[in-house]
Amino acid sequence: MDYRQLVAEAIHNELKDHMELNEINRLLERPKHAEHGDIAFPAFQLARLFRKNPAQIAQELGDSITSPVISSTQVIGPYINFYLNKKTVSQSVINDVIKEKGHYGELSIGNGGNVPIDMSSPNIAKPMSMGHLRSTVIGNALSNILAKVGFSPIRINHLGDWGTQFGKLITAYKKWGNEEDVRSEPIKELLRLYVKFHDEAEDDPTLEDEGRAWFRELESGNEEAVALWKWFREESLKEFEKVYERLNISFDSYNGEAFYNDKMSDVVSLLDEHKLLTVDQGAHIVDLDKYDLNPALIKKSDGATLYMTRDLAAALYRKDNYDFSQSLYVVGQEQSNHFKQLKAVLKELDFDWADSIHHIPFGLITKDGKKLSTRKGKVVLLEEVLNEATAQALQQIEDKNPNLPDKETVAEQVGVGAVVFHDLKNDRLNNFDFTIEEVVQFEGETGPYVQYTRARAMSILRKAGVESLSPSEPFALSDDYSWEVVKLLHDYPDTVRRAYENYEPSIIAKHAIQLAQAFNKFYANVRVLDEDPEKDARLALVFAITEILKEDLRILGVETPDEM
RNA sequence: GUUUCGGUAGCUCAGCUGGAUAGAGCAUUCGCCUUCUAAGCGAACGGUCGGGGGUUCGAAUCCCUCCCGAAACGCCA
């Protein structure tokens, strides 16, 4: 049931010749204060239309609007406030959820269209940082949201597995590294070598030359260089897999930068055929003046290709391979310019699908107010954050629920859940300064709060012996605490739609928090298991809540322990 | 300097396409476990919505301008 639509139709019945249904729907609003009813219609626009005082219009119109979902109407000044029929609406909404369970809120906007999502994309030989976490969890949540509204997401891990840094790394390894250390702790050791290289290079600039030389060797297929590269890549991937496993995220493709090595010359020829390339200071560029953008650098003055070249190759490959309906890039906002250029170049190539490419930017994570830098060894290691969160979750369990079975598993779900939820709960463009205390929190607007809320609800169902419900029974409720929950359940499809339209997982996270808050108030004030004529309906509501909280968290990539 | 984001309670943030007395969480203080998990609930405290103009019946929200912060700005990705 969509009661907003029903109310709009009821109003439209009275205003047929004066206002479109859509317009009415647009004007309807949810009052901020409970004493203003459940849904309100302001009469200001009508005042202009009828050249009358809006309060007077509201007064005249108010009583004539009727509908089975409206239980009463109250006019306050220029507002017509509607109170909905709680029993009718709650019964309908609860049954909708019970019928559809996790599928509730699914939409068919996507028509099954493929949507490659460029996400995570860590650099080989570097540890996963909090920054990669953002791309990973936002990308994952967006994939789930897209699937929920009918697209077929394709998760692509565009690994940073090529570039001059490998020349530097090979140089550093040959100078200061050994096989054993790399094997035992690959990322840590490779990072140490990488940082050492940059330290030493400050005093000894010839190192940079050596690094470039080794990269040239790698590009031209030098056996030793290629072997080292492959080895570094494998070891790194193994480490990344551990993290992805903890986050419960998998990919459909690991085609990274190296994958496009043999596909870039085609891009260059294509640009050339379209007469788009010009030479400037020895470099090949595409002029983008008419887009008010800097030129896109396609080839360096030494002939080497660049990031842009590679991303063009990737965009073309994805179009050919997936025939996507849209293509997303979950990449930090500091690269906005790059993606504007990318789209502009594709437009210059006359590809009409250029507009279906969307950069999904996100804010920067800083530490002590400063940008993180791998080169300077200034990193927040994701794995350490997850470990700390899990350890604290375990401590919490020991304190509060020491008899809980399988504590370690739950601690992992809660700890990781806290970190992931924290990353998704705010507008993705917000910057934030990393502190472990802030990320690992279990109270208030956090992942564990939502998980805990659901665990309490599950506990009620367990005690009542409810495992599943069929939607036939009359689950009508009318108390205020249930009503707040019912309204949030009702809003779910619209929430999903908004999350999709804005590519914004935080909209789902906020819904989860609101629903959890509403349920906790209900829980504190309404006894579910007591014998009461409404007992079955209350259990049905609790069941509906567990389903939607679980679905909210599933979309965000947060697990849901039944007990904690 | 140019462009793009941002400035709302002590801190972190909501506030949907302008609407009725600006909301949460954290922190602080206080109350609630003989009743379904207190990772909870309730209460108190806390705001010139960066400043100034403008549009409007109505502006935290839209426009202009100024101040402050962050990021990007041709051979890194």
Side-chain angles (χ1 to χ4, degrees), chain A residues 26-27 29-33 35-36 40 42 44 47-48 53-54 76-79 81 121 123 158 160 162-165 257 280-285 292-302 304 306-308 310-311 331-338 340-341 361 363-364 366 369 371 375 393 396-397 399-401 404 414 418 425-427 429-433 435 437-438 441-446 448-453 455-464 494-495 498 501-502 506-507 510 513-514 516-517 519-530 538 542 563-564:
Chain A
R26 202 181 62 80
L27 289 171
E29 56 189 80
R30 159 159 302 187
K32 288 179 187 137
H33 304 276
E35 67 266 29
H36 292 145
F44 300 103
R48 193 168 298 177
N53 179 338
I76 302 177
Y79 287 90
N81 296 325
S121 313
N123 294 319
H158 189 77
W162 201 252
T164 42
Q165 74 265 28
E257 291 170 10
D280 190 76
Q281 295 166 41
H284 289 67
I285 62 169
D292 226 11
L293 291 167
N294 293 326
L297 267 164
I298 302 299
K299 258 179 155 180
K300 297 204 274 191
S301 41
D302 66 3
L306 284 136
Y307 183 33
M308 180 60 69
R310 210 170 284 273
D311 260 8
V331 179
Q333 69 164 337
E334 64 272 17
Q335 292 189 38
S336 301
N337 211 47
H338 167 76
K340 281 184 195 156
Q341 292 179 318
L364 207 62
T366 53
K371 202 177 165 179
R375 280 197 304 279
Q396 187 93 327
I397 292 169
D399 290 349
K400 309 204 169 194
N401 196 359
L404 182 73
V414 172
K425 76 171 169 178
N426 288 326
D427 191 316
L429 276 166
N430 290 356
N431 296 339
F432 76 88
D433 196 63
T435 54
E437 295 78 18
E438 199 198 300
Q441 267 190 31
F442 302 142
E443 289 166 22
E445 296 170 337
T446 66
Y449 170 80
V450 180
Q451 290 172 317
Y452 174 74
T453 302
R456 294 215 293 183
M458 288 302 290
S459 173
I460 293 177
L461 296 181
R462 217 178 300 123
K463 291 206 158 84
D494 188 56
T495 303
R498 274 174 40 231
E501 285 173 353
N502 295 292
S506 72
I507 290 174
K510 289 193 175 88
I513 288 171
Q514 284 179 357
Q517 284 173 335
F519 171 74
N520 280 322
K521 285 176 186 154
F522 168 85
Y523 183 92
N525 290 285
V526 179
R527 301 284 310 166
V528 177
L529 294 175
D530 288 357
R538 288 173 182 166
V542 173
E563 259 184 280
M564 65 186 269

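Note on naming: letters A, B, ... go to the chains in the order of the sequence lines (proteins, then strands), and numbering restarts at 1 for each one. When reading the values below, keep in mind they use all heavy atoms of this one structure, side chains included, and skip hydrogens, waters and symmetry mates. All values reported here derive from a predicted model rather than from experimental measurement.
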Participant: Name all residues meeting the side-chain contact (heavy atoms from CB on, under 4.5 Å) criterion together with A:S121; count only those two or more places apart in sequence or in a different chain, and write none if there are none.
Facilitator: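 Per chain and number, A:S121 pairs via side-chain contact (heavy atoms from CB on, under 4.5 Å) with A:D118, A:N157, A:H158.
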
Participant: In which ranges does RNA chain B form stems of 3 or more consecutive Watson-Crick or G-U pairs, distances under 3.5 Å?
Facilitator: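 Stem list for RNA chain B: B:1-7 with B:67-73, B:10-13 with B:23-26, B:28-32 with B:40-44, B:50-54 with B:62-66.
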
Participant: Pull up the glycosidic torsion of B:rC30 and say syn or anti, syn being anything within 90° of 0.
Facilitator: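 Anti conformation for B:rC30.
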
Participant: If you check every side-chain atom of A:N430, which of B:rA20, B:rC13, B:rG74 has the closest atom?
Facilitator: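 Nucleotide nearest to A:N430's side chain: B:rC13.
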
Participant: Does A:N81 reach a base, just sugar-phosphate, or nothing at all? Heavy atoms under 4.0 Å.
Facilitator: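 Here A:N81 touches the bases of the nucleic acid.
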
Participant: Using a cut-off of 4.0 Å on non-hydrogen atoms, how would the nucleic acid contact of A:P295 be classed: base, sugar-phosphate, or nothing?
Facilitator: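 It contacts base atoms.
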
Participant: Working to the nearest 0.5 angstrom, can you tell me the gap between A:E445 CD and A:I513 CD1?
Facilitator: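 Rounded to the nearest 0.5 Å, the CD-CD1 separation comes to 4.5 Å.
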
Participant: Spell out protein contact along nucleotides 26-39 of chain B as letters: B when the base is contacted, S when just the sugar-phosphate is, - when no protein heavy atom is under 4.0 Å; keep the 5' to 3' order.
Facilitator: S--------BBBSB

Participant: With sugar-phosphate meaning primed atoms plus P, OP1 and OP2, does A:E35 contact a base, only sugar-phosphate, or nothing at under 4.0 Å between heavy atoms?
Facilitator: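 Touches a base.
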
Participant: Taking only the side-chain nitrogens and oxygens of A:H33, find out if one of them lies under 4.0 Å from OP1 or OP2 of B:rA22.
Facilitator: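 For B:rA22, OP1/OP2 do not have a side-chain N/O of A:H33 under 4.0 Å.
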
Participant: How close or far is atom P of B:rA14 from atom CG of A:N502, stated in whole angstroms?
Facilitator: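 So the two atoms are 13 Å apart, to the nearest Å.
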
Participant: Determine, for nucleotides 68-73 of chain B in 5'-to-3' order, which nucleotides have protein heavy atoms under 4.0 Å from the base (write B), from only the sugar-phosphate (write S), or from neither (write -).
Facilitator: --SSSS

Participant: What is the separation between atom NE2 on A:H338 and atom P on B:rA77, rounded to the nearest whole Å?
Facilitator: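 Going from NE2 in A:H338 over to P in B:rA77 covers 10 Å.
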
Participant: If you measure from the C1' atom in B:rA24 to the same atom in B:rA14, how many Å do you get, rounded?
Facilitator: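 It comes out at 7 Å once rounded to the nearest Å.
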
Participant: Work out how far the C1' atom of B:rG25 is from that of B:rC45, and round it to whole angstrom.
Facilitator: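 These two C1' atoms come out 15 Å apart once rounded.
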
Participant: What's the spacing between A:M458 CE and A:T453 OG1 if we round to 0.5 Å?
Facilitator: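 It is 13.5 Å, given to the nearest 0.5 Å.
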
Participant: Please say whether more than 12 non-hydrogen atoms of neighbouring residues, nucleotides or ligands are located less than 6.0 Å from CG in A:D292.
Facilitator: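 Atom CG in A:D292 is not packed in, count stays at 12 or less.
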
Participant: Please state the P separation for the pair B:rU65 and B:rG40 - nearest whole angstrom.
Facilitator: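 Taking atom P in both B:rU65 and B:rG40, they lie 47 Å apart.
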
Participant: With C1' as the reference atom in both, quote the distance from B:rC66 to B:rC30 in angstrom, rounded to an integer.
Facilitator: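 Straight-line distance between the two C1' atoms is 45 Å.
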
Participant: For A:H36 and B:rA20, is the gap between ring centres under 5.5 Å while the planes differ by less than 30°?
Facilitator: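 Yes; by the centre-distance and plane-angle rule, A:H36 counts as stacking on B:rA20.
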
Participant: Checking all strands, does A:A40 fall into the base, sugar-phosphate, or nothing category for heavy-atom contacts under 4.0 angstrom?
Facilitator: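 Base: the residue A:A40, judged by heavy atoms under 4.0 Å, touches a nucleobase.
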
Participant: From the set B:rA77, B:rA24, B:rG74, return the single nucleotide nearest to any side-chain atom of A:E257.
Facilitator: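 Given the options B:rA77, B:rA24, B:rG74, the side chain of A:E257 is closest to B:rA77.
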
Participant: Using a 4.0 Å heavy-atom cut-off across all strands, classify A:S301 as base, sugar-phosphate, or nothing.
Facilitator: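 The residue A:S301 makes base contact.
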
Participant: Please name all residues satisfying side chain to side chain donor-acceptor pair (under 3.5 Å) with A:H36, sequence neighbours left out, ordered by chain then number.
Facilitator: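 Once residues adjacent in sequence are excluded, A:H36 has no partner under the side chain to side chain donor-acceptor pair (under 3.5 Å) criterion.
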
Participant: Please state the P separation for the pair B:rA43 and B:rG6 - nearest whole angstrom.
Facilitator: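 So the two P atoms sit 33 Å from each other.
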
Participant: What nitrogen or oxygen pairs link the protein and nucleotides 56-64 of chain B at under 3.5 Å?
Facilitator:
none

Participant: Which whole number of Å gives the distance between the C1' atom of B:rG51 and that of B:rC26?
Facilitator: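 Here B:rG51 and B:rC26 have their C1' atoms 29 Å from each other.
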
Participant: I need the CD-C1' distance between A:Q514 and B:rA24, as an integer number of Å.
Facilitator: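 Distance, rounded to whole Å: 9 Å.
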
Participant: Out of B:rC41, B:rU4, B:rA14, which has the shortest distance to the side chain of A:K340?
Facilitator: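 Side chain of A:K340 sits closest to B:rU4.
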
